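To keep things clear, I will list the structure first and then write my remarks on it.
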Amino acid sequence: MSEATCSEGRGPDVEAPASGDAGNERGDSLRASVRAEAPVLVPLAVAVFAATSYFSGPPAWNQNSRLALTRALVEQGTTIIDDYHATTGDKSQRDGHFYSDKAPGTSLLAAPAYALYYGAGRLVGADAPEVRLVPLDPRDPNRDPAARRPGDRLFYNQAYRTALYVSRVGSVGVFAVLGALALYLLALRRLGDRAGALLLAATYALATPALIYGSALYGHQLCADLLLLGFAGILLGHGRTAMAFGTGMCLGLAVLCEYPAAVPVALLWLFAWLRRGTRFAVVAALGGAPAAIALAIYHSVAFGGPLKTGYDFVYLAEFAEGMRVNYGIHAPDPGVLLELLFGAFRGLFYLAPVLLLAPWGLACELRGWPPGPWSRSSGTWPVRQVAAVCLGVIGFYLALNAGYYMWDGGAAIGPRHCVPMLPFLALALAPAIRAVPRAVLGLALLSGALTLLLAASAPEAPQFGDPLWGHAWPRIWATDTGYTGPANLGRMLGLPGPLSLVPLLLVLAWCYAQARPHLGARA
């Protein structure tokens, strides 16, 4: 059988029989695997953290809405964002008060990092995060940000920008690292060799929109990595109670960050039940309960009931009208689906061409090729079952996005509502890595270059034109960064144009040099 074509698998998708101590042995095996892979995992973690921390996009509505809730929780102990609502149009209004209209998970996970920043700032007497109005007409006496008129703009002080950066790095950035490490371990079990696993994990983390949205305070990438961590817990965690509970926690937090994640979470829980048994599934459900309780409490406090969300009280009329029926979700539009995948406006494959290999890989895996390697602790990798779960998650997000009234995501880069499916799509690169590794590497380098260019220009591309050549390319060459300020650390160091990315490239090259001597051995 040729490894370059799809064919039937050669091994059963079953686990090896387990003894009474199987749970302990497998839990110990997972810890031993993490220790054994440390020479690769540590450089990968440094590379992903460096990349997501390198970019610092300007304040914008989506991020500001989440930061407003974080600030309200930390500074005032409330869900009301009245003192910060002028910074965003992504908000709700109920009983005369303003609230973030987003799912609260991202804001809650950012709260510890912001609390440290806010507390340290008060301790040393630093400036507080502030925003002020810069009117179009300098003679205009209006200086109230909440009374902004056409042509006026908001000026955010450095403390505000730093608060946004710290909050994002301490939440989205941390989970971006954990997600990349989890995907490496999954790919290692799938492929059986370190070089292929590193290529797959690095491609996902550094050469897809995962990097772009891992560099901003959105909920999409947090949701993606939490779903990925839950998936890894099911496949690698085995029977340990603590691992089952942690798996449930990750899945619960995914829904806390993005409401639509409830559907893939249900699918993953069903997979956990079928693969790991009733006890694992019950413990996982208990692990997800705290997030469900927190969500119900937040909805009750902010919106008057556990099933009421911010989208029921959207403030801006144009958004409220779009979401009036079924929250703006309708039957998928095939034309929109093509735009989401291949269009130059929001197309995923246009911005990350390496992912073009994933559908072929998914088809191969649904037929069982290449068969997964056998592991003493995990048995045979369940090729078909994993592919079916990935297909379910991918299909859900594509259908959801293709039927959403604002399918383009507003000011965005790529199909941002599809970001939570990216790790499941990336996992389907395994057959291509086995059959044509050089093609994967070449396309990954191309995708990585495009992704770095896009990340350097911030995730809020205009709602028109080509985000790559019409938005990112001119911005990377611009000598004046404008009132929004520099969007990456290289610019802050005074490096012009594409040279601003050189420090990050040097760090990534160093990380690869540290991992390379350990890539020859097979798992």
Side-chain angles (χ1 to χ4, degrees), residues 1 3 5-18 22-23 25-34 36-37 40-41 179-201 203-204 227-240 243-244 247 267-268 270-277 280 357-358 360-394 423-435 437 440 521-523:
M1 175 178 54
E3 288 191 345
T5 59
C6 295
S7 61
E8 293 298 325
R10 291 174 293 184
D13 289 351
V14 297
E15 290 185 84
E25 290 176 1
R26 289 171 176 176
D28 293 340
S29 176
L30 179 60
R31 285 194 295 269
S33 177
V34 171
E37 298 306 317
V40 179
L41 291 174
L181 300 185
L183 189 59
Y184 171 83
L185 293 174
L186 286 171
L188 187 66
R189 276 288 294 115
R190 175 67 185 93
L191 292 166
D193 75 276
R194 290 173 170 172
L198 180 62
L199 175 58
L200 192 151
T203 296
Y204 161 68
L227 289 174
L228 177 57
L229 288 167
F231 197 33
I234 296 168
L235 286 167
L236 305 177
H238 307 291
R240 285 231 165 174
M243 184 60 71
T247 296
L267 176 62
L268 291 173
L270 178 62
F271 177 63
W273 179 41
L274 295 175
R275 180 158 178 81
R276 295 296 174 209
F280 187 100
L357 298 171
W360 172 80
L362 199 58
C364 288
E365 292 193 319
L366 288 171
R367 299 186 62 189
W369 185 89
W374 188 85
S375 167
R376 178 176 177 274
S377 63
S378 303
T380 301
W381 178 268
V383 179
R384 292 184 180 88
Q385 289 96 323
V386 170
V389 172
C390 290
L391 180 62
V393 174
I394 294 165
F424 300 89
L425 193 61
L427 196 57
L429 291 173
I433 290 175
R434 178 72 65 85
V440 177
R522 297 181 68 85

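Since the model is a prediction, treat every value here as computed from it, not as a measurement.
- With rounding to the nearest 0.5 Å, the separation of CG in Leu191 from CZ in Arg434 is 6.0 Å.
- Atom CZ of Arg31 is separated from atom CZ of Arg240 by 4.5 Å, given to the nearest 0.5 angstrom.
- Among all heavy-atom pairs drawn from Ala180 and Ala201, the shortest one is O-CB, 3.8 Å.
- For the atom pair Leu268 CG and Thr247 OG1, the distance stands at 10.0 Å (nearest 0.5 Å).
- Considering all non-hydrogen atoms of both residues, Trp369 and Pro431 come closest at CZ3-CB, 3.8 Å.
- We find the CG-CG distance between Leu198 and Leu41 to be 9.5 Å, quoted to the nearest 0.5 Å.
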Handout entry: Test log, rule side chain to side chain contact (heavy atoms under 4.5 Å, CB included), inputs Arg194 and Tyr184
Key = CA-CA 8 Å; Arg194 290 173 170 172; Tyr184 171 83; 3.3 Å; yes

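- A heavy-atom distance below 4.5 Å is found between the side chains of Leu186 and Leu228.
- For the pair Gly233 and Phe280, the tightest heavy-atom approach, listed with the atom from each and the gap, is O-CZ, 3.9 Å.
- Contact check for Leu235 versus Pro382: side-chain heavy atoms found under the 4.5 Å cut-off.
- Of all heavy-atom pairs between Gly372 and Thr380, the closest is O-CG2, 4.0 Å.
- You'll find the side chain of Glu37 reaches within 4.5 Å of the side chain of Leu188, heavy atoms only.
- A pairwise comparison of heavy atoms in Ala428 and Ala358 identifies CB-O, 3.6 Å as the closest pair.
- Taking 4.5 Å as the limit, every side-chain heavy atom of Leu425 sits out of range of all side-chain heavy atoms of Tyr204.
- In this view, Phe424 and Phe231 satisfy the ring pair (Phe, Tyr, Trp, His ring centres under 6.0 Å) rule, not counting sequence neighbours.
- Taking the side chain as every heavy atom from C-beta outward, Val386 and Cys390 approach each other to under 4.5 Å.
- For the pair Leu200 and Ala430, the tightest heavy-atom approach, listed with the atom from each and the gap, is CD1-N, 3.9 Å.
- Under the side-chain contact (heavy atoms from CB on, under 4.5 Å) criterion, Leu391 pairs with Leu362, Leu366, not counting sequence neighbours.
- Considering Arg190, Gln385, Arg384 as possible partners of Glu365, the one that fulfils the side chain to side chain donor-acceptor pair (under 3.5 Å) test is Arg190.
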